[in-house]
Amino acid sequence: MSTPLLEVRDLKTHFHTKEGIAKAVDGISFEVYEGASFGFVGESGCGKTTAALSIIKLLPENGKIEGGQVLFRGEDLAAKSDEEIRLRRWKDISIIFQGAMNSLNPVMKISKQITEAIRLHEDISIPESRKRVKGLFTQVGLNPALLDQYPHEFSGGMKQRVMIALALACNPLLVIGDEPTTALDVMVQAQILDLLEDLRRSLHLATILISHDLSVIFDACERLAVMYSGKIVEMGNSREVYTRPAHPYTRKLVAAFPDLELEKQRKTGKRTLGKSIAGDPPNPLGRISGCKFHPRCEWADKRCSEEDPVSMEIGADHHVFCWKWDKIG
Amino acid sequence: MPIDKVTTFQRIKNAFSVLYGNKTGFAGFLILCFFLFIAVFGPFIKPYDIMDFGGAEDILRPPSFEHLLGTDDMGRDILGGLIAGSRISLLVGVMATVLSMFLGAAIGLGAGYFGGFIDAVLMRLTDIFLVLPWLPLVLVLAAILGANLWNIILVIGLTSWAGTARVVRAQTLSVKERTYVERARSLGSSNLRVILRHILPNVFPVIFANTVLIAAVAILSETTLSFLGLGDSLNQSWGMMLHYAFECGAASIGAYWFLLPPGICVVLVVLGFTFLGYALDEWINPQIRKR
Amino acid sequence: MSSRYLGNKIAQALITIFIVLCINFFLFRIMPGDPLSMLMRNPRASQQAIQKAKEFYGLDQSLPVQFGRYLQDLLKLDFGVSFMFKKPVTEVIGGKVGPTLLLLGVSEIMAIVLGIYLGIVAASHRGKIVDIGTISVSLLLYSLPTFLLGMVLILIFSVYWGLFPSTGMVTAAARYATLWRQFLDLLSHLFLPAITLALTLIGEYGMLMRSSLLEVLSEDFIVTARAKGLREREVIRKHGYPNALLPVVTAISINLGLTIAGAIQVETVFSWPGIGRLMYDALNNRDYPLLQGIFLLVCICVIVANLFSDLLYMVLDPRVKS
């Protein structure tokens, strides 16, 4: 856990829309260590996906990295040209997209979609690459005989396994999982998370998981960051953040899941639905001064609405961005 | 044309509405106002009598001060023909559209509201009308019924409702699920009453936007029918002018003034309806403006 | 391939064909002016033609018997005798199929190639001047009646510039030194009609390809392809085109009805000796047996083309098979 594989410093990613500039990621910093798991959690639209996709500059046309550094093994990826980044994609950093969605090309055989990635980055023959795909299929628990099927012939869980196999195709150092278990039922969700965990340990992979589901991140990641409106509001060791949530937003998130009954959920196959948090999610184009959460925060005072909160270390590997954290009961 | 082109309508519309916004809709509105004015007040402002055939020296004269847009192969003034033709073209377009809208709305509402067997039969019928090659069908119908103004209106109206029926049915299905409709039905309101009071008002905007687009198709249809010799020779539309222009070989002898004015009028009116239709459609279904 | 899907589609097509046969039967019988009285009024109709028509229509029989005989005759490909040509309708139509196929084939190929290309260019320069230009031209072509476009092209290319002939398929009474000369003559006659028909289709296919490609490029699997490290060009070529072309390819055969509408006008304007011009002549001479025969032929072609496009989709899109 000593050397950070990835160090992100004050990253800013903005979207230029007709209505104005949306600061999707507004100055965030975090580290991911070699072979370790890191998680982003937050409501949809809080910038967690944009934060992760900015690492390999996989942004929509109107999205642009406006500032900050993305240090991958000491190299600043944010400063590299698109062409340089393109060569690094998948080789160093790969992504597991939501397999249940349309993340696989519907008219291309699955084998082809994986060998395409391998042969793009490595100079190997087709039979060679197919052999690797067979191995990957076995690794993720799929029958290698299904290699030449089309995506629609697979169930949601199987497609998610294909996405994992695809992500591992070029032996990356870092794998980003963008909502990898969303839209799967709870049983399959647990299987996929277990599979990811096994692979991470056996392959010594670093992973970044992104989810709106707090229980998934607590369960699957050693460290996590809670995001709200483009900012990290709390970050640190998962157990630590779970047992002693400091930011009012995190507290409400945790309170919304009174008990992390993951084990129980797995057994019963049911998901306890969390209480929702009062107030409206922030408008991405809005300009909120001070702490972004203050309009929804019952403890906010004048300072919260004027000054940006700074990072405060409140425990071993536990940071919070809140002026009032120690004054809350 | 109404069949396949309505989907193209959608595509061009999606593209256009985003690029141009409602400025084009306004332009379309102005174009239509202009032609409507001409059609209504034409008889009072017409500079020449279209029944004035003139002498042999007046045949196929190019534009001059005497005849601003020249004369046709029978010595009649083209500008006068245009003004008189605007009435017929717009009349046929509007009447055929009303008929088409009425049929499409009735069939779509019926299929969507009653569902089951009625739906199956009506939609099968709609599909058949969508599949049949439109122009040959219209030509055969018009040829059998005989070429006069009302038959042309009837034929165009009878063959262009299928697209509207589809759209209306889909909208009806979604409106039917709403609670107040359920309640009205359970309270024992008659079907007709529920359709007219509760469903039609919600479906009407969709019908209306579609209607304006159908009007463009109807004008094009009338022009094509007349050109192919199925027009009403007593009520001369722009299409009939083009028919006569073709018959006397206006293109081959370079008589552009006989060909272009009615052609440009048709194109402008079709564009006008199309622009207006896009704007209305965008206004009514803002969620569609994706790409 | 799922045989149930296939069976369903074929059954639908057969039902539609049957309904077309019914329409054809009743239209020409029930509507004002039954064929026999029209034939009698037609001064050009010979005594044999009237006799033949009487036998063909069997107007003294009851409707179901007439319908049965009508179907029987159709199966024997007996459509009656053309008033104009005094020859069996089948024979008259048969002689006109070749030129129409030539015209349709050449224009379709031009329209497909150029339309798809234009759609790609427009989509990849979305919102730029090229895109707006393409959309505007498509809209103009849409609003322009096909026959008018044809006449304008004659005005420009034949009359003002004298580049191409404006009527027919061959120069009348010409004798050619070589086969090559003859071919060039055909080509120069084909040019204007083919361009006219192609232009009306290009806008159609271009807009379809444009919207289809834009839709595909917003799909998640395109992001996956980018993430893999493919060049943008390869992303579009390998993952964009195969998906975007699916609806375009099938639309081309569904579009046949529209293409035929264009062909009728183009053949009329350019006096191209095909089915479309034949229909125009049949209309203006009130040659009902011929009109009926052409209508039936065209309807069946369009229905078969629709069936074909369903089958094509099944072959091209792996998702339909299961």
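First the proteins, then the strands, lettered A, B, ... as listed; each starts at 1.
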For the candidates [options], which exhibits the highest count of non-hydrogen atom pairs separated by less than 4.5 Å from chain C?
options: A:Arg86, A:Met108, A:Arg89, A:Lys91; value: A:Arg86
options: A:Lys109, A:Lys57, A:Glu116; value: A:Glu116
options: A:Leu58, A:Ile93, A:Leu166, A:Asn105; value: A:Asn105

Worksheet item: Quick one: does A:Lys48's side chain have a donor or acceptor within less than 3.5 Å of a partner on A:Gly42's backbone?
Response: yes
Fill in: Side-chain touch A:Asp76/A:Lys80, heavy atoms, less than 4.5 angstrom
no
Fill in: Side-chain touch C:Leu6/C:Asp310, heavy atoms, less than 4.5 angstrom
no
Fill in: Derivation and outcome, salt bridge (Lys or Arg N to Asp or Glu O under 4.0 Å), residues A:Lys112 and A:Asp148
CA-CA 8 Å; A:Lys112 179 88 207 304; A:Asp148 289 322; over 6 Å; no
Using non-hydrogen atoms only, which part of [X] is less than 4.5 Å away from chain C: side chain, backbone, both, or neither?
X: A:Gln113; answer: both
X: A:Ile85; answer: neither
X: A:Leu120; answer: side chain

Worksheet entry | With A:Ser54 via side-chain hydrogen bond (donor to acceptor under 3.5 Å, both in side chains) - residues at least two apart | A:Thr13
Worksheet item: Which bit of C:Glu234 comes within less than 4.5 Å of chain A, counting heavy atoms only: side chain, backbone, both or neither?
Response: side chain
Worksheet item: With only heavy atoms counted, which part of C:Leu246 is less than 4.5 Å from chain A, the side chain, the backbone, both or neither?
Response: side chain
Discussion item. Regarding A:His16 and A:Glu66, do their side chains bring together a donor and an acceptor under 3.5 Å, going by distance alone?
Written reply: yes
